[in-house]
Colleague: 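One structure, pasted below without further comment.
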Amino acid sequence: MSGHPQHSYHLVEPSPWPFVGSMSGFITAVGAVMFMHEYAFGGYILIAGLLSIMMTMFFWWRDVVREAEYQGHHTSIVQLGMRYGMILFIASEVMFFAAFFWAFFDSSLYPDTGVWPPEGIVPFDAWDLPLINTMILLLSGCTVTWAHHALIENKRDQFQLGLGITILLGAAFTALQAFEYSHAAFGFTDGIYASTFYLATGFHGFHVIIGTTFLTVCWFRGRAGHFKPDHHFGFEAAAWYWHFVDVVWLFLFVCVYWWGG
């Protein structure tokens, strides 16, 4: 019998990263709770969890890149399965943010005091920094699409340029978000408006950081000669994720910053 598989599927080897990643997430959650409640060593446990997550991402990504680029396991039918997986992942993320919007609308449409935003809360002006950040994310959606079309047409220089600009725009968004938070007139514990605002925008900012990291990995892979015009789902998944982040921000801008403020 031949040692080569007689099918187009990829039967993955046993990997430690799902278990290690789960434990890292658990340690991060415990560390975050301890840190926010000011327990001793909470900050150290949180940092250890975050470093473990980064290590897991690095090694897991390395294994997947090997399977795709060097071992030829990502056949067309395997890529189809990955597309389904990515669609389900983004659908789960939609429900994740739906929970925050639900909490926000429940509080804003039926406020306990009859006033929204609550008295004492000075919300951000939607047409100041939030509008600039909206323009930045919309532009980044255009540049990542430019990069995608350049890759399909095998224009590697334009692919790298478009992707690089997208990464810089993502970093600019994160920097402006941090600047905005530093000038907020309310804290996380200043009532339901502040809590829903920071949870929704904070988790979105976290997703922007993840998306920027995802695209940065793709930039370095592109520089190393990875991705082909007809075989580049690694980058396609990153672009899908980035567009999802864009759409969520549009809802945040309209609902939380503009209407809710």
Colleague: How long is the span from the OG1 atom in T174 to the CD1 atom in I136, to the nearest 0.5 Å?
Modeller: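 That separation rounds to 9.5 Å.
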
Colleague: Name the orientation class of the two ring planes belonging to H183 and F179 (parallel below 30°, tilted from 30 to 60°, perpendicular beyond 60°).
Modeller: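 The rings of H183 and F179 sit tilted, inter-plane angle from 30° to 60°.
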
Colleague: Show your reasoning for whether side-chain contact (heavy atoms from CB on, under 4.5 Å) applies to V94 and F244.
Modeller: CA-CA 9 Å; V94 169; F244 161 73; 3.7 Å; yes

Colleague: Between the side chains of W17 and D63, does any donor sit under 3.5 Å from an acceptor?
Modeller: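 Side-chain D/A pair, W17 to D63: present.
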
Colleague: Is there a side-chain contact between H73 and V78 (heavy atoms, below 4.5 Å)?
Modeller: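 When only atoms from C-beta onward are counted, V78 and H73 do not touch, as no gap falls below 4.5 Å.
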
Colleague: What is the distance from atom CD of E67 to atom CD of E13, rounded to the nearest 0.5 Å?
Modeller: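 That separation rounds to 9.0 Å.
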
Colleague: Describe, in one word, how the ring planes of H232 and H148 are oriented to each other, choosing from parallel (under 30°), tilted (30 to 60°) and perpendicular (over 60°).
Modeller: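 Ring orientation of H232 relative to H148: perpendicular.
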
Colleague: Looking at residues at least two apart in the chain, or sitting in another chain, which of them share a side-chain contact (heavy atoms from CB on, under 4.5 Å) with L138?
Modeller: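 Only T134, M135, L250 meet the side-chain contact (heavy atoms from CB on, under 4.5 Å) criterion with L138.
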
Colleague: At what distance, to the nearest 0.5 angstrom, does CE of M82 lie from CD of E236?
Modeller: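 One gets 12.0 Å once the value is rounded to the nearest 0.5 Å.
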
Colleague: Working to the nearest 0.5 angstrom, can you tell me the gap between K228 NZ and L151 CG?
Modeller: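 K228 NZ to L151 CG: 10.5 Å, rounded to 0.5 Å.
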
Colleague: E119 and T113: side-chain contact (heavy atoms from CB on, under 4.5 Å), yes or no, with the steps?
Modeller: CA-CA 9 Å; E119 291 184 9; T113 60; 6.0 Å; no

Colleague: Before giving the answer on side-chain contact (heavy atoms from CB on, under 4.5 Å), spell out for F100 and H204 the whole-Å C-alpha distance, their side-chain angles and the decisive distance to 0.1 Å.
Modeller: CA-CA 11 Å; F100 297 129; H204 175 268; over 6 Å; no

Colleague: For the CE atom on M54, are there more than 12 heavy atoms of other groups (residues, nucleotides or ligands in this structure) within a distance under 6.0 Å?
Modeller: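 No, because the 6.0 Å sphere around CE of M54 holds 12 heavy atoms or fewer from other groups.
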
Colleague: Quick one: does C218's side chain get under 4.5 Å of F220's, heavy atoms only?
Modeller: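 No. Closest side-chain heavy atoms not under 4.5 Å.
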
Colleague: For atom CZ of R62, is the number of surrounding heavy atoms from other residues, nucleotides or ligands below 6.0 Å larger than 12?
Modeller: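 More than 12 heavy atoms, drawn from other residues, nucleotides or ligands, come within 6.0 Å of this atom.
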
Colleague: Donor-acceptor pair, distance only, cut-off 3.5 Å: does the side chain of D190 make one with the backbone of G187?
Modeller: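 Pair found, side chain donor or acceptor close to backbone of G187.
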
Colleague: Tell me whether L50 shares a hydrophobic cluster with I209, the cluster being built from Ile, Leu, Val, Met, Phe, Trp, Tyr side chains joined at under 4.5 Å.
Modeller: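 No, no single cluster joins them.
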
Colleague: Kindly state whether the ring of W259 and the ring of F253 have centres lying under 6.0 angstrom apart.
Modeller: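 Centroid separation for W259 and F253: 6.0 Å or greater.
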
Colleague: Is it true that F59 and V20 fall in one hydrophobic cluster, defined by side-chain heavy atoms closer than 4.5 Å?
Modeller: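 Looking at the clustering, V20 is in the same group as F59.
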
Colleague: Do Y257 and T201 pass the side-chain contact (heavy atoms from CB on, under 4.5 Å) test, and can you show the C-alpha distance, the side-chain angles, and the key distance before you say yes or no?
Modeller: CA-CA 10 Å; Y257 283 99; T201 60; 3.8 Å; yes

Colleague: Quick check on the 6.0 Å ring-centre criterion: do Y110 and F105 meet it?
Modeller: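 No, too far apart.
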
Colleague: Check A200 against L252 and note the closest heavy-atom contact, atom names and distance.
Modeller: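 Scanning both residues completely, I find the closest heavy atoms to be CB-CD2, 3.7 Å.
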
Colleague: Could you tell me whether F206 atom CZ has more than 12 heavy atoms of other residues or ligands within 6.0 Å of it?
Modeller: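 Counting other residues, nucleotides and ligands, CZ of F206 stays at 12 neighbours or fewer.
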
Colleague: Can you run down the salt bridge (charged side-chain N to carboxylate O under 4.0 Å, His left out) pairs that involve residues 245-261, sequence neighbours left out, and say none if there aren't any?
Modeller: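 For residues 245-261: none.
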
Colleague: Do the side chains of Q177 and V208 get nearer than 4.5 Å, heavy atoms only?
Modeller: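 V208 does not reach Q177 side chain to side chain.
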
Colleague: Are S107 and W116 close enough that some pair of their side-chain heavy atoms sits under 4.5 Å apart?
Modeller: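 Yes; the side chains approach each other to less than 4.5 Å.
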
Colleague: Please check if F89 and F203 belong to a single hydrophobic cluster, counting links between Ile, Leu, Val, Met, Phe, Trp and Tyr side chain heavy atoms closer than 4.5 Å.
Modeller: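 F89 clusters together with F203.
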
Colleague: Can a donor-acceptor pair be found, under 3.5 Å and without considering hydrogens, that links the side chain of Q160 to the backbone of W219?
Modeller: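 Yes, Q160 side chain to W219 backbone: donor-acceptor pair under 3.5 Å.
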
Colleague: Has Y198 got a side-chain atom pairing as donor or acceptor with Y193's backbone, closer than 3.5 angstrom?
Modeller: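 Not confirmed, Y198 side chain does not pair with Y193 backbone.
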
Colleague: Can you give me the closest heavy-atom contact between S22 and P18, atom names plus distance?
Modeller: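 Closest heavy-atom pair between S22 and P18: OG-O, 2.8 Å.
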
Colleague: So that I know where these two stand, are F233 and W240 an aromatic pair - ring centroids less than 6.0 Å apart?
Modeller: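 Ring centroids of F233 and W240 are less than 6.0 Å from each other.
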
Colleague: Would you name the heavy atoms of G222 and R156 that are closest together and state the gap between them?
Modeller: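 That would be O-NH2, 3.1 Å.
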
Colleague: Could you walk me through whether F97 and H207 satisfy the ring pair (Phe, Tyr, Trp, His ring centres under 6.0 Å) test, starting with their C-alpha distance in whole Å, then the side-chain angles of each, then the deciding distance to 0.1 Å, before giving a yes or no?
Modeller: CA-CA 11 Å; F97 278 99; H207 281 69; 5.0 Å; yes

Colleague: Are more than 12 heavy atoms from other residues, nucleotides or ligands located less than 6.0 Å from atom CG of D230?
Modeller: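 More than 12 heavy atoms, drawn from other residues, nucleotides or ligands, come within 6.0 Å of this atom.
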
Colleague: Do the side chains of L215 and I210 join up, straight or via other hydrophobic residues, at under 4.5 Å, putting them in one cluster?
Modeller: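 The answer is yes; both residues are in one hydrophobic cluster.
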
Colleague: Is the backbone of G49 close enough, under 3.5 Å, to the side chain of T28 for a donor and an acceptor to pair up by distance?
Modeller: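 Confirmed, T28 side chain pairs with G49 backbone.
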
Colleague: Checking the side chain of W242 only, and the main-chain atoms of V144 only, is there a donor and an acceptor separated by less than 3.5 Å?
Modeller: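 No, W242 side chain to V144 backbone: no donor-acceptor pair under 3.5 Å.
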
Colleague: Do you know which two heavy atoms are closest between I77 and S8, and how far apart they sit?
Modeller: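 The pair with the smallest heavy-atom distance is CG2-O, 3.2 Å.
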
Colleague: What heavy-atom pair brings L129 and L176 nearest, and what distance separates the two atoms?
Modeller: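 Residues L129 and L176, closest heavy atoms: CD2-CD2, 3.8 Å.
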
Colleague: Could you state the interatomic distance from CZ (R66) to CD (Q71), rounded to the nearest 0.5 Å?
Modeller: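 Rounded to the nearest 0.5 Å, the CZ-CD separation comes to 7.5 Å.
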
Colleague: For residues F173 and S140, determine if any side-chain heavy atom of one lies less than 4.5 Å from a side-chain heavy atom of the other.
Modeller: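 No, too far: nothing below the 4.5 Å cut-off.
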
Colleague: Check whether any side-chain heavy atom of T75 lies under 4.5 Å from a side-chain heavy atom of Y9, and answer yes or no.
Modeller: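 No, their side chains stay 4.5 Å or more apart.
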
Colleague: Considering non-hydrogen atoms only, spot the tightest contact between G234 and R221 and give its length.
Modeller: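 That would be CA-NH1, 4.4 Å.
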
Colleague: Do F188 and L199 make a side-chain contact, defined as non-hydrogen atoms from C-beta onward lying under 4.5 Å apart?
Modeller: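 Contact flag for F188/L199 side chains = yes.
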
Colleague: Out of curiosity, I47 CD1 to L51 CG, how far, rounded to the nearest 0.5 Å?
Modeller: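 Result: 7.0 Å between the selected atoms.
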
Colleague: Can you get from I132 to V248 by hopping between Ile, Leu, Val, Met, Phe, Trp and Tyr side chains that sit under 4.5 Å apart?
Modeller: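 In one cluster with I132: V248, yes.
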
Colleague: Apply the test side chain to side chain donor-acceptor pair (under 3.5 Å) to residues T143 and T166: give CA-CA distance (whole Å), side-chain angles for both, the deciding distance (0.1 Å), then the verdict.
Modeller: CA-CA 6 Å; T143 54; T166 307; 2.7 Å; yes

Colleague: Quick one, W127 and W258 - any side-chain contact, counting heavy atoms below 4.5 Å?
Modeller: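 Yes, at least one pair of side-chain atoms sits under 4.5 Å.
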
Colleague: Can you confirm whether or not the ring centre of F104 sits under 6.0 Å from the ring centre of F197?
Modeller: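 Judged by ring-centre distance (under 6.0 Å), F104 and F197 do not meet the cut-off.
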
Colleague: Check the pair Y44, F35 against ring pair (Phe, Tyr, Trp, His ring centres under 6.0 Å), reporting the backbone distance first and the verdict last.
Modeller: CA-CA 9 Å; Y44 294 109; F35 175 72; over 10 Å; no

